[in-house]
Structure formats: C-alpha cells, structure tokens
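First the structure, in the form of structure tokens, and then the observations on it.
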Amino acid sequence: MFADASLVQPRAPDGSGPADWLSELNAEQRRAVEHEGSPLLILAGAGTGKTTTICARVAWLLARGTQAERILLLTFTRRAAREMIARARALVERAVPDAGAVVGGTFHSVAHRFVRRHAGALGLDPGFGVLDPGDAADLIDLVREEHGHAERRTRFPRKGTLLDIYSATVNGQRPMTEVVAERFPWLDELRDEIAALLKAYVARKRALGVVDFDDMLMYWRALALDDVIGPQLAGRFDHIFVDEYQDTNGLQVETVRALRRGDPGVTVVGDDFQAIYGFRAASADHIRSFEEHFQGATVITLERNYRSTQPILDAANEIAGQADQSYPKRLRANRDGGQAPRLVLCRDDTAEAQLVCQRVLEAREEGLELRAQAVLSRTSHDSAALEVELTRRRIPFVKYGGLRYLEASHVKDFVALLRLAQRRSDELAWFRLLQRLDGVGPVIARRALRELVAAEREHADAWSAARNHLPDRARPIIDPVGKALATDRPEQPTRLRVERLLEAIGPLIATSYANSAPRLADLDGLTRAAATAGSLPEFMAELALDPPASSADWAGPPHRDEDYLVLSTVHSAKGLEWDAVHLLAVYDGNFPACLSAGSGAEIEEERRLLYVAMTRARRSLALYVPTRYYHRPNGRDDAHGYGKPSRFLTDRVRACLEIEQVASTDPPEGQRETGRRRIAVSVDPLFDIVS
DNA sequence: ATACGACGGTTTTTT
DNA sequence: ACCGTCGTAT
C-alpha cells in the first residue's frame with residue numbers, strides 16, 4: 001500500500017472547538033500533544049498510548065491551522081503505517097469533516113515517491129524499476145556466476161548473505177570490511193572478492209536503470225542534502241513525525257535532519273528498549289543522540305501502560321531491568337488485577353502445538369475470539385508443528401512473516417512477464433520464464449537469451465531467432481508470450497496490458513504446475529489490482545514495496561468477518577497487541593538465537609526481542625519451553641538436542657511467572673515412535689463444530 | 001551435452 | 001524451505 005493517510009481536518013479552534021480528544025489523554029501525553037517550539041522526542045514505553053499520542057498531536061496541529069498535506073508521517077513497517085493511518089482517521093473524523101491528506105507511509109515508500117518525482121536529477125529514467133529483495137538477490141546471483149564463484153572449490157557466500165552484507169554496509173554507511181569483520185567474521189578472508197562482486201552489483205544496477213530498497217534511501221538522502229532540491233523538499237513540510245525512531249538507521253536519520261535543516265517541526269517517537277532491527281544497521285544510538293542531532297530538543301517520557309495487566313508488566317520490567325538503559329522506564333499498569341504469565345515446560349514442539357491449540361480453543365469457548373489471540377515466535381519456522389496441528393484441527397489462522405504471495409513461484413513467473421513488458425531485454429525475467437519450459441534448463445535458456453540480445457542489436461527479428469534454440473515442444477507454450485510482448489504498448493491502458501499478458505502466460509502456468517487452476521485464479525487478483533494502478537512501472541514499484549501478504553489480500557476483505565488466529569514472528573508483531581499471547585520456543589538457543597549469542601550487543605537485542613514479545617499481551621501471556629528440539633525440521637530421523645529455558649528467564653523473572661510442568665501430552669504415545677512420522681487416523685474433524 | 005530428480009547440509013529477524 | 005552435488009534419463 002502506498003499509505004496516503006486521508007485525514008479529515010478538524011474545525012479551526014474557535015473556542016468550542018474539537019477538544020474532546022484532549023480530555024482523554026493523561027498529563028504526559030497531553031504535554032507531548034501540545035508541545036511547541038522545539039524538536040520533540042517522545043519516549044513511549046510499550047503500550048503507553050504512543051499511537052494515540054501521535055494521532056492526537058496530528059489532530060492538534062491541524063486544529064492549530066497546519067495544513068494536512070504539510071505534515072509528513074514516517075513509519076518503519078507497513079503494518080505500523082496502516083495502523084497509524086486507521087487510528088488517525090478515526091480520531092480526526094471525530095472532529096470535523098473538512099478533507100485533507102497527511103503525507104505518510106514507510107520510509108521506503110515515501111522515498112520512492114520522491115525519487116520517482118526527481119528521477120531525472122538523479123540520473124534515473126522516470127520509469128525505473130524497483131528490485132525487491134528477491135530480485136536484488138537474483139541479480140547478485142547473476143553477477144556471482146559471472147565472477148565464476150559458482151564452480152569454485154572455495155566456499156563462497158550465497159546470494160542472500162551477500163545481499164545482507166551489502167545492505168548492512170549501505171544502511172550503516174560504514175566500510176564493508178568493518179561490517180564483515182563484525183557480523184560475518186567467517187568471511188573475512190573473502191572480503192576482497194566480496195567487495196569486487198558488490199561493486200559489480202552496483203554497476204549492474206546502474207546499467208539496468210533499476211533501484212533496490214537500499215538505493216531508495218540513498219537517493220532520497222541525496223535529494224534531501226542537495227543544495228537546490230533539498231530546501232524545496234524541506235519547505236514542503238511544516239512538521240515531520242517519525243515513529244519507531246529506535247529502529248532508524250544512519251541514512252534515515254540523516255535524511256530527516258536534512259529535511260528539517262534546523263526547523264523545529266519534528267516529532268519522533270520510540271522506545272530504546274524495543275530496538276530490534278540492529279541486524280539491518282538500525283541503532284538505538286540514534287534515539288539516544290536525538291538531543292545532539294536536533295538542537296534544543298525536548299524529551300517527554302510515557303510510562304503509564306494502558307495495555308497489559310500488572311503481573312505481565314512485572315515480568316517484562318524484570319527483563320528490562322537486566323539491561324542498562326540510558327532512558328530507564330518502568331511500566332505501570334493502569335488497571336488492577338490480572339494473572340501471572342505462565343511458563344510452560346513441555347516435551348517438544350508437538351506437545352507445545354497441542355497445548356497451544358488446547359488453550360486457544362478453551363479461551364475461545366470462554367468468549368475470547370481467535371483474532372484476539374496470537375502465537376508469536378522467534379523465527380517463522382518455529383511455528384511449523386503448530387501449523388500442522390492447527391490445520392489438522394481446522395482452526396483458521398493467518399501467518400505473518402511466512403511465505404509471501406510474491407514469493408510463490410507462479411506469481412514470480414507472471415511478475416517476470418510484466419517486467420518484460422517494461423523492458424524487453426530483462427535477462428533475469430527471460431531466464432526465469434524460459435526455464436519453466438519443458439526441456440529447457442540453464443544452458444539452453446542462456447543460449448536463447450544470447451541470441452535474443454545479439455539479434456536485437458542488429459535490429460533483426462530477435463524473438464524468432466531466439467525461439468530457434470528452444471525444443472519443438474516448448475514453442476506452442478512460449479509463442480503466445482512472445483506474441484503478447486510484441487503487441488504490447490506502454491500507451492495502452494494498464495488493465496488491458498495486464499489482462500493480455502495474463503492470458504498469454506496461461507499455457508505456461510498450466511503446463512508448469514500440477515495444480516494450475518488455483519494458481520491462475522490467484523493471478524486474477526493481481527490483474528484487478530493493476531487495473532486501479534497508474535502506470536505499469538508504478539504498479540510494479542508499489543507491488544515491490546508493499547506486497548500483499550497473501551492472495552487473499554487482493555480478494556477484498558474476506559477476513560473482515562472471519563475469526564482467525566494470528567501467527568507472527570516477534571519482529572512482525574511489534575506495535576501490535578492481543579488479549580492472549582502465546583510465545584513459542586523460549587529456549588536458550590532461540591532466545592537468544594544461538595547465532596546471535598556471539599557479541600554482547602547481539603544478546604542485548606535478543607533480550608529486547610523477548611521484551612517486545614511479552615509486552616504484546618493484554619491479559620494472558622504464556623511462554624512455552626519445549627525441552628527437546630529436533631535438528632531436522634521435517635526430519636526422517638530423530639536427531640535432537642535438549643534445551644533449557646532462555647537465559648533471560650532468571651530467578652527474578654521466574655518469580656513473576658507461574659511455572660507449569662506438562663508431563664505428557666494429549667496424543668502422547670505412538671507419534672514419536674517412528675521418528676517424527678505422523679500417521680493421523682482421526683474422524684475428529686467430522687464432529688468439529690464450525691462456528 | 002543437458003535436464004532433472006534425489007539427497008544432504010544449512011547462519012534468523014524486514015523494508 | 002533453499003542450495004549445491006551427484007547419478008541417471010533423454
């Protein structure tokens with residue numbers, strides 16, 4: 001989503017004005033909302049009404065005569081952008097309907113907007129393509145092969161790792177050697193080759209006229225720092241808000257500073273103890289340095305928690321207390337009562353899955369709908385066993401942070417074709433599509449591709465030259481694609497273009513996949529969305545920057561009335577809350593992840609991650625520790641290790657928890673007997689009451 | 001020569 | 001789940 005907040009502007013303050021939202025705020029919140037004259041840092045602990053305060057401050061600025069379109073609202077994640085905009089809309093609508101739109105969205109989507117507008121000044125084609133991380137990794141892989149790293153004996157990092165190194169270097173604006181030494185020490189010996197490869201990647205992007213996510217921030221900063229364009233951009237806004245400021249990286253901070261150029265109209269909100277994006281070069285040092293970066297800044301701290309019960313906060317505070325914080329906060333609940341969080345020790349992930357299902361269903365029977373409950377985990381595969389069990393029991397769930405729509409193979413195929421419509425010579429797109437054909441592998445695909453490029457240079461009929469290299473049986477499949485591309489024109493309506501291309505790729509999808517019908521139906525949604533977009537390049541860019549989580553996202557709001565359990569990684573859950581929260585796999589090695597247990601800073605971040613997870617819960621919180629975990633996720637074998645509870649669950653923390661040892665589990669015997677094979681014979685689902 | 005399936009080893013988290 | 005390697009089929 002290109003989050004454009006449509007905020008309604010309240011009536012001008014005429015004495016009787018729209019002040020009722022102010023009366024609902026506590027003293028500190030109100031001080032923050034009505035602050036004037038200097039940059040403002042709001043240190044908002046978890047659940048302290050951060051979003052409420054930002055929205056109220058936006059409303060207050062509007063009421064004081066600031067025009068909505070002169071307010072810029074920056075968030076870090078798309079979910080936060082959505083949440084913020086929905087809340088702001090609801091609050092401001094209570095004032096007075098006089099339309100105006102706040103400019104807002106994630107850093108990357110807002111950057112994209114400005115970069116496209118000023119593409120010329122940056123030496124980019126206005127129709128430039130956007131590489132999502134998958135595309136970027138594929139391009140790196142191409143360069144990696146060209147550098148001959150594919151066949152070499154010495155192990156060479158994979159595309160994903162290379163992209164991580166690149167990203168950390170660019171976002172942190174630090175020498176790559178430092179980044180490698182610190183975060184990828186095992187690759188120290190290869191740093192010269194890695195550096196050469198990443199330089200080639202940068203050159204290739206330039207040559208192709210494409211921009212990756214990191215470039216987006218780089219280009220925006222360059223615009224903001226420019227002597228001519230910078231002041232123009234800065235002059236567009238009277239006030240800039242930055243949410244989750246603890247997760248900003250150096251590039252983002254520099255951009256915001258450049259956009260203010262000494263103007264005090266800036267409010268940032270964050271909590272240094274919820275900084276969990278260090279791996280992406282974010283640093284809580286930025287929030288700690290706010291007072292240096294923005295002259296004369298004021299700091300206001302919010303500690304009254306409106307979300308959780310005190311027993312949950314006691315445990316969370318105890319975790320927080322283990323670390324040194326430069327801005328100490330201790331959350332206080334606004335209401336009394338509540339149960340202690342539970343620490344559940346069970347046998348393994350299967351037992352864990354059984355228990356979670358059981359508790360979730362019990363809670364539902366007591367009236368707590370599924371959507372008010374969530375299951376969080378450190379990594380997205382921690383919930384694998386649970387997903388099996390939920391499916392088996394027919395408990396509907398939606399998973400965030402799992403396989404994304406755009407990562408599904410058939411969607412990638414279609415997106416490759418859309419990309420070819422923009423640029424006929426897109427080698428990666430061709431390479432992908434050609435290999436879908438029967439009897440075509442990397443060698444033949446590359447040969448055909450070489451012919452295509454060569455023929456184009458000679459202005460010959462490139463397509464018929466290339467298709468000669470393909471096996472006979474492949475031709476009827478690929479010919480419609482060639483034909484559709486030949487007749488496609490940029491000036492045609494986007495909807496028509498996309499529909500024709502979808503039709504052309506039909507045979508290819510049909511022959512490539514066993515279950516092609518649902519896959520094709522899946523692509524219809526994409527076509528519908530394209531119909532409402534502007535140009536094809538813009539549609540593609542928005543798709544990359546804000547991909548739908550699943551194909552269901554296109555099909556309107558089927559979830560609106562449905563009840564479903566939320567499964568999410570802790571990272572994706574930040575900023576959200578549920579009545580009941582179950583946190584999976586809280587064993588040492590996962591909290592902290594064994595890979596992050598190297599440096600002190602990494603362990604600190606893992607601790608904050610646990611804190612973030614715990615503070616998502618309103619009333620009920622359970623931490624699960626499967627004591628036995630398996631090395632192979634779906635393994636045929638029974639290789640396993642024994643885990644112990646997270647090192648962060650110290651005695652002091654445990655004193656705040658109710659400890660529950662679950663001896664055995666529901667269907668205990670038999671399931672593990674033959675490795676992890678599960679042969680379920682059950683008529684239970686027949687008797688399930690589907691409400 | 002090339003494609004493709006089977007198998008074994010594996011550095012999370014997101015824009 | 002992905003990626004590289006190896007054996008077999010075409």
Side-chain angles (χ1 to χ4, degrees), chain A residues 74-81 105-112 130-134 136-137 141 144-145 149-153 155-161 163-165 167-168 170-171 183-187 212-217 244 247-249 251-252 275-282 376-382 384 400-404 407-409 435 437-447 469 471 473-474 544-547 549 568-574 585 589-598 602 605-606 608-609 612-613 631-637 639:
Chain A
L74 291 168
T75 62
F76 191 68
T77 65
R78 302 188 302 258
R79 272 170 116 182
T106 64
F107 267 96
H108 288 83
S109 71
V110 171
H112 168 245
V130 174
L131 299 179
D132 74 14
D141 216 24
R144 183 177 182 265
E145 264 172 63
H149 292 303
E151 304 112 43
R152 287 259 238 72
R153 291 279 161 73
R155 265 174 52 205
F156 202 74
R158 300 200 233 150
K159 59 181 180 181
T161 312
L163 184 60
D164 286 346
I165 296 171
S167 235
V170 172
N171 283 296
R183 293 207 18 226
F184 305 87
W186 63 95
L187 296 173
D212 68 19
F213 280 21
D214 302 325
D215 290 333
M216 214 78 80
L217 298 182
E244 307 279 17
D247 287 325
T248 52
N249 63 40
L251 276 181
Q252 293 164 322
I276 55 175
Y277 281 97
F279 67 93
R280 271 198 45 205
L376 308 183
S377 57
R378 172 70 181 80
T379 71
S380 78
H381 68 252
D382 285 327
Y400 292 91
L403 181 71
R404 310 265 156 88
E407 287 161 19
S409 188
Q435 284 190 92
L437 300 165
D438 246 13
V440 180
V443 176
I444 290 176
R446 195 160 285 138
R447 204 178 287 157
H469 290 276
R473 64 196 154 139
L545 286 164
D546 190 6
S568 174
T569 59
V570 179
H571 282 91
S572 296
K574 191 153 72 110
N590 216 22
F591 285 96
C594 50
L595 304 167
S596 296
E602 283 171 326
E605 180 149 318
E606 297 286 316
R608 295 192 292 266
L609 201 57
V612 168
H631 298 314
R632 247 170 265 286
N634 283 320
R636 297 163 289 278
D637 61 14

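So you know, we letter chains A, B, ... as the sequences are listed, proteins then strands, and number each from 1.
Arg447(A) places its CZ atom 12 Å from the C1' atom of dA3(B), with the value rounded to the nearest Å. In this structure, Arg446(A) atom CZ and dA1(B) atom P are separated by 17 Å, rounded to whole Å. Atom-to-atom, CD of Glu605(A) to C1' of dT13(B) comes out at 8 Å; the value is rounded to the nearest Å. Put simply, CZ on Phe156(A) is 12 Å from P on dG4(C), counting in whole angstrom units. Taking atom NZ of Lys159(A) as the reference point, atom P of dT10(B) lies 19 Å away to the nearest angstrom. In this structure, Arg158(A) places its CZ atom 12 Å from C1' of dG8(B), rounding to the nearest Å. Rounded to whole Å, the distance from CG on Asp382(A) to C1' on dA1(C) is 14 Å. Rounded to an integer number of Å, the gap from Leu163(A) CG to dT12(B) P is 15 Å.
Screening Val570(A), Thr569(A), Leu609(A) for a side chain to side chain contact (heavy atoms under 4.5 Å, CB included) involving Arg378(A) leaves a single residue, Leu609(A).
Closest-nucleotide positions on DNA chain B for Asp438(A) and Phe76(A) were compared, and the one nearer the 5' end corresponds to Asp438(A). Between Ile444(A) and Leu609(A), the residue whose closest nucleotide on DNA chain B is further toward the 5' end is Ile444(A).
At the phosphate of dT14(B), OP1 or OP2 sits under 4.0 Å from a side-chain N or O atom of Thr569(A). A sub-4.0 Å separation between OP1 or OP2 of dT14(B) and a side-chain N or O of Ser572(A) is present. Look at Arg144(A) and you won't find any side-chain N or O under 4.0 angstrom from OP1 or OP2 of dC3(C). Within the structure, every side-chain polar atom (N or O) of Ser380(A) is placed at least 4.0 Å from both OP1 and OP2 of dT12(B). In this structure, Arg378(A) does not reach the dT13(B) phosphate: none of its side-chain N or O atoms is under 4.0 Å from OP1 or OP2.
Between the side chain of Arg144(A) and the main chain of Pro157(A), a donor-acceptor pair closer than 3.5 Å is present. No donor-acceptor pair under 3.5 Å is formed between the side chain of Gln252(A) and the backbone N or O of Phe107(A).
Here Phe591(A) pairs with nothing under the ring-ring contact (aromatic ring centres under 6.0 Å, His included) rule; sequence neighbours left out.
At a threshold of 4.0 Å, the pair Arg183(A)-Glu602(A) does not count as salt-bridged, since none of the basic side-chain nitrogens sits closer than that to a carboxylate oxygen.
For His108(A), the listed nucleotide lying nearest its side chain is dT15(B); candidates were dT15(B), dA3(B), dT12(B).
No engagement by Val570(A) is indicated, since no non-hydrogen atom pair under 4.0 Å with the nucleic acid exists. Within 4.0 Å (heavy atoms only), Pro133(A) reaches at least one base atom of the nucleic acid.
Both geometric conditions, a ring-centre gap below 5.5 Å and a plane tilt below 30°, are not fulfilled together for Tyr277(A) over the base of dT14(B).
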